[in-house]
Protein chains: 2
Amino acid sequence: MRADGHRRRQAILREAVTLSTVDGLEGLSIGNLAKALAMSKSGLYAHFGSKEELQLATVDEAARIFRQEVIEPALRAPAGVGQLVAVCDAFVEHLRRRTFPGGCFFAGAVLEMGSRSGPVKEAVAAFQQGLVQQIGEFAGAAIAGGELPVTEDPGQLAFEIMGVILATNAGFVLGGDDGVLDVAGQVVRRRLGVATDGPGRA
Amino acid sequence: MRADGHRRRQAILREAVTLSTVDGLEGLSIGNLAKALAMSKSGLYAHFGSKEELQLATVDEAARIFRQEVIEPALRAPAGVGQLVAVCDAFVEHLRRRTFPGGCFFAGAVLEMGSRSGPVKEAVAAFQQGLVQQIGEFAGAAIAGGELPVTEDPGQLAFEIMGVILATNAGFVLGGDDGVLDVAGQVVRRRLGVATDGPGRA
DNA sequence: CCTACCGATCGGTAGG
DNA sequence: CCTACCGATCGGTAGG
């Protein structure tokens, strides 16, 4: 059945994304992935013709999961500042529920692939640039809607929020505990002039 | 001569740091490093008894270079806000002069080693935590000196500045051009209420 | 999907 | 510092 083949492929890719957040997209090996899935290497080659094809499909699957867990919740929030806060909150929850053992797939992939060339690097770069652009659009809407002063620059604001996201991921991956996760929401709310739901308040 | 041996060791480690910013600390192989230095693998084992020892020495050398190029210039700036701005500017220059092909060594090492265990991860974590603490002390001095309101939190401010640093590195590594490098200074000066030397102004 | 295999490279060692 | 080697694993293929 086609549906079964698709589910099998998706299960493989989910495991590939998971392993990549620990070992990297280059450190991900066909042998390790096969072992984790209790199948043979050549079984994997029936789905992906080469390691590069596997890497590209892994990036696609990681993008799908990130969109589902982080972007889509933000898009459902009220346009403007609400979406800026929501994208940070959704990212924090993405980390908190430990979707992947190595934190955010793309934070790692950007640094691993950034200084390389080829289709995998291009795929990672395209996703990252799309994310920054999406956040910039949220910021633009907040300014256009009068929630933020017209002296704000959407690109700079997107850069700042990307910084909060990356600092949160780095702190979380390194510390392994949820301690850092509350800082992101506090910082971004303070920066945008939104009331903070501090701890100790219901 | 001891001095020659020390220089040789340092040259090896400089190359090891350089290669690590592209291939990672795990992707750094004894064979590749030996080839880059035009020596044999066993020649490297005369300096480092194992790959883990090499990795630890590589982290130490990267820390030395980072302190020299980023921390020390900041320490020479006026205490308080001046040091917060200076640490960002020095980091940007560290990237601009392309010290390493893969950007900031520690930005990559933190994500690569974060979800692992062992002495190499601990060494990377210790450096990163020391850096955040150092920036937090700069922020504390700025608040104590009345340059920033007492409602500011040094830890949150250090987190924000680490975010600016990480977003700058990610953008630079991915884009490969100097375009992002001016944003960091603008964002951090605006955040701290310091006058911006915008482009078009001498 | 499987077993069985290929040459290349991995970290590391023996012996000099 | 060197050559020569070890077993293990790498990405990938042949043949089923």
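When reading the values below, keep in mind they use all heavy atoms of this one structure, side chains included, and skip hydrogens, waters and symmetry mates. Below, chains carry the letters A, B, ... as their sequence lines are ordered, and counting in each starts from 1.
Straight-line distance from the CG atom of A/D23 to the C1' atom of D/dT9: 14 Å, rounded to whole Å. What separates NZ of B/K41 from P of D/dC6 is a distance of 13 Å, to the nearest Å. The nearest whole Å value for the distance from the CD1 atom in B/I30 to the P atom in D/dC2 is 14 Å. The nearest whole Å value for the distance from the CD atom in A/E53 to the P atom in D/dG11 is 14 Å. Protein atom NZ of B/K51 is 17 Å distant from nucleotide atom C1' of C/dT13, rounded to whole Å. Note: CG (A/L54) to P (D/dC10) measures 13 Å, nearest angstrom. Separating the CG atom of B/L44 from the C1' atom of C/dC10 is a distance of 14 Å, rounded to the nearest angstrom. Between B/Q55 atom CD and C/dC10 atom P the separation is 14 Å, expressed in whole Å.
Of the candidates C/dC2, D/dC1, D/dT13, D/dT13 carries the atom nearest the A/Y45 side chain, counting heavy atoms from C-beta on. In the set C/dT13, C/dT3, C/dG12, C/dG12 carries the atom at the smallest distance from any side-chain atom of B/S50. Listed nucleotides: C/dC1, D/dG12, D/dC2. Nearest to the side chain of A/H47: C/dC1. Checking D/dC1, C/dG11, D/dC10 against the side-chain heavy atoms of B/R8 singles out D/dC1 as nearest. Checking D/dC10, D/dC1, D/dC2 against the side-chain heavy atoms of B/A46 singles out D/dC1 as nearest.
Judged by closest nucleotide on DNA chain D, A/N32 is the one of A/G49 and A/N32 placed further toward the 5' end.
Taking only side-chain nitrogens and oxygens, B/S40 comes nearer than 4.0 Å to OP1 or OP2 of D/dC2.
A donor N or O paired with an acceptor N or O is found under 3.5 Å between the base of C/dC2 and the side-chain atoms of A/S42.
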Ring pair (Phe, Tyr, Trp, His ring centres under 6.0 Å) between B/F106 and B/F127, worked out: CA-CA 8 Å; B/F106 284 100; B/F127 180 86; 3.9 Å; yes
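Nucleotide C/dG15 has D/dC2 as its partner under the Watson-Crick or G-U criteria, with both atom distances under 3.5 Å.
Salt-bridge annotation for A/E26 and A/R116: present, with a side-chain N of the basic residue lying under 4.0 Å from a carboxylate O of the acidic one. A/R190 and B/E152 are joined by a salt bridge, as a carboxylate oxygen and a charged side-chain nitrogen come within less than 4.0 angstrom of each other. In this structure, B/D182 pairs ionically with B/R96, as a charged nitrogen and a carboxylate oxygen lie closer than 4.0 Å.
Using a 4.0 Å heavy-atom distance criterion, B/L28 is classed as a sugar-phosphate-only contact. Using a 4.0 Å heavy-atom criterion, one finds that B/S29 contacts the sugar-phosphate atoms exclusively.
Counted by atom type alone, A/R64 and A/Q68 present one or more donor-acceptor pairs between their side chains at under 3.5 Å.
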